[in-house]
Amino acid sequence: MNPLNSPVEVGMRTLILLARSHPHPLDLSWLVVLDHAMLHSSQFDGPPSLHPRLPAQPGELGMKRQTMQEGLEVLLRARLATVEATEGGIVYQVTPRGSGFAGILEAPYVGELRQRAQWAVEQFASTMDAVTATRDITTRWHNEFITQMRHLGVGRG
C-alpha cells in the first residue's frame with residue numbers, strides 16, 4: 001500500500017477539513033476542492049503550499065474524488081464522521097469523537113494542515129459554490145498551460 005494519498009492519509013486530511021468547517025457539513029465536491037486548496041495554497045495567494053507542484057496536477061482533482069470517498073469510508077467506519085442525505089445532496093460532518101481525535105493529533109504536518117484547512121474554508125467555502133471553485137482551479141491550470149505553450153513557441157503561426 002502506498003502511504004501517500006492512501007485512504008488513511010486522505011481520511012485524516014478530510015477529518016481536519018470537517019473539523020475546521022464545523023458546524024457546517026461539506027459535500028464531496030467541496031471536500032475535493034478544499035483538500036486541493038489546502039495542499040496547494042500558495043497557488044491561490046495563500047500560505048506556502050504543503051505539497052509540491054507537479055506536472056500532472058491538473059488530473060489530480062479527478063483522481064482525488066475517488067481517494068476522498070475511500071478516506072470518508074475510513075472516517076465513517078471509525079465513527080469520526082457522519083453522512084446525511086439533505087435536500088442539497090449527501091453531506092459529511094465531523095462527530096464529537098472525530099473532533100476530539102483531530103484535536104489530539106500533534107504531528108507538525110497536522111498543525112500545518114489545520115492552518116491551511118482554516119484558510120481554505122474561509123477563502124473558498126464562504127465566498128463561492130463548489131462548481132465555481134472547481135472552475136476557478138481548472139481555469140488557472142488552463143491559463144498556466146497556455147502561457148507555458150506560448151513561452152515555448154507552441155501555437156504561433
Side-chain angles (χ1 to χ4, degrees), residues 1-54 56-141:
M1 178 176 80
N2 184 355
L4 299 175
N5 287 317
S6 71
V8 172
E9 180 194 352
V10 175
M12 289 301 98
R13 293 195 322 248
T14 304
L15 181 64
I16 298 298
L17 283 167
L18 291 172
R20 288 298 185 219
S21 73
H22 186 72
H24 305 290
L26 296 170
D27 66 14
L28 184 59
S29 295
W30 263 123
L31 287 166
V32 168
V33 167
L34 293 173
D35 185 64
H36 181 79
M38 176 174 64
L39 298 178
H40 304 288
S41 48
S42 68
Q43 295 176 24
F44 305 99
D45 302 321
S49 295
L50 292 173
H51 288 192
R53 183 180 211 125
L54 300 173
Q57 196 175 46
E60 191 175 307
L61 286 182
M63 293 176 16
K64 190 177 293 263
R65 191 169 183 84
Q66 177 63 38
T67 58
M68 185 70 64
Q69 287 175 317
E70 293 168 0
L72 283 163
E73 289 172 16
V74 170
L75 297 179
L76 294 170
R77 280 194 302 265
R79 296 186 318 234
L80 300 176
T82 60
V83 60
E84 180 181 353
T86 67
E87 287 183 17
I90 296 174
V91 295
Y92 302 89
Q93 193 163 21
V94 69
T95 63
R97 178 181 177 152
S99 185
F101 183 77
I104 64 169
L105 298 173
E106 295 183 358
Y109 179 73
V110 175
E112 295 293 324
L113 280 176
R114 284 188 190 105
Q115 291 173 359
R116 300 314 186 287
Q118 188 67 44
W119 172 84
V121 167
E122 290 171 0
Q123 183 74 21
F124 288 93
S126 63
T127 61
M128 64 183 83
D129 61 83
V131 172
T132 303
T134 302
R135 189 176 300 121
D136 180 56
I137 292 168
T138 56
T139 298
R140 286 174 188 259
W141 288 335

Locate the shortest heavy-atom distance separating [X] from [Y]; write the atom from each residue and the value.
{"X": "Trp119", "Y": "Ser41", "value": "CZ3-CB, 3.6 Å"}
{"X": "Leu26", "Y": "Ser21", "value": "CD1-OG, 3.4 Å"}
{"X": "Pro23", "Y": "Gln93", "value": "O-NE2, 2.6 Å"}

Only pairs under 3.5 Å count here: list side-chain donor-acceptor contacts from residues 111-118, not counting sequence neighbours, and write none if there are none.
unit_1	atom_1	unit_2	atom_2	d
Glu112	OE1	Arg116	NH1	2.6
Glu112	OE1	Arg116	NH2	3.2
Arg114	NH1	Leu105	O	3.4
Arg114	NH2	Ala102	O	2.4
Arg114	NH2	Leu105	O	2.8
Arg116	NE	Pro48	O	2.8
Arg116	NH1	Glu112	O	3.3
Arg116	NH2	Pro48	O	2.8
Gln118	NE2	Glu122	OE2	2.9

Partners of Ser99 by side-chain hydrogen bond (donor to acceptor under 3.5 Å, both in side chains), sequence neighbours excluded?
none

Say you draw a straight line from CD of Glu9 to OH of Tyr109; how long is it, rounded to the nearest 0.5 Å?
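Answer rounded to 0.5 Å: 5.0 Å.
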
Could you tell me the separation between the OG1 atom of Thr95 and the CZ atom of Phe101, rounded to the nearest 0.5 Å?
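If I round to the nearest 0.5 Å, the distance is 11.0 Å.
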
Would you give me the side-chain donor-acceptor pairs under 3.5 Å for residues 72-89, sequence neighbours excluded?
unit_1	atom_1	unit_2	atom_2	d
Thr86	OG1	Gly88	N	3.2
Thr86	OG1	Gly89	N	3.3
Thr86	OG1	Gly89	O	2.8

Side-chain touch Tyr92/Asp27, heavy atoms, less than 4.5 angstrom
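Tyr92 vs Asp27: side chains apart.
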
Close side-chain approach of Leu39 to Arg13, heavy-atom, < 4.5 Å
yes

I would like to know whether Leu34 and Val121 meet side-chain contact (heavy atoms from CB on, under 4.5 Å); could you show each step before the answer?
CA-CA 7 Å; Leu34 293 173; Val121 167; 4.2 Å; yes

Does Trp30 form a side-chain contact (heavy atoms from CB on, under 4.5 Å) with His24? I'd like the steps, not just the answer.
CA-CA 12 Å; Trp30 263 123; His24 305 290; over 6 Å; no

In Val10, Val32, Leu31, Leu28, the residue satisfying side-chain contact (heavy atoms from CB on, under 4.5 Å) with Lys64 is Val32

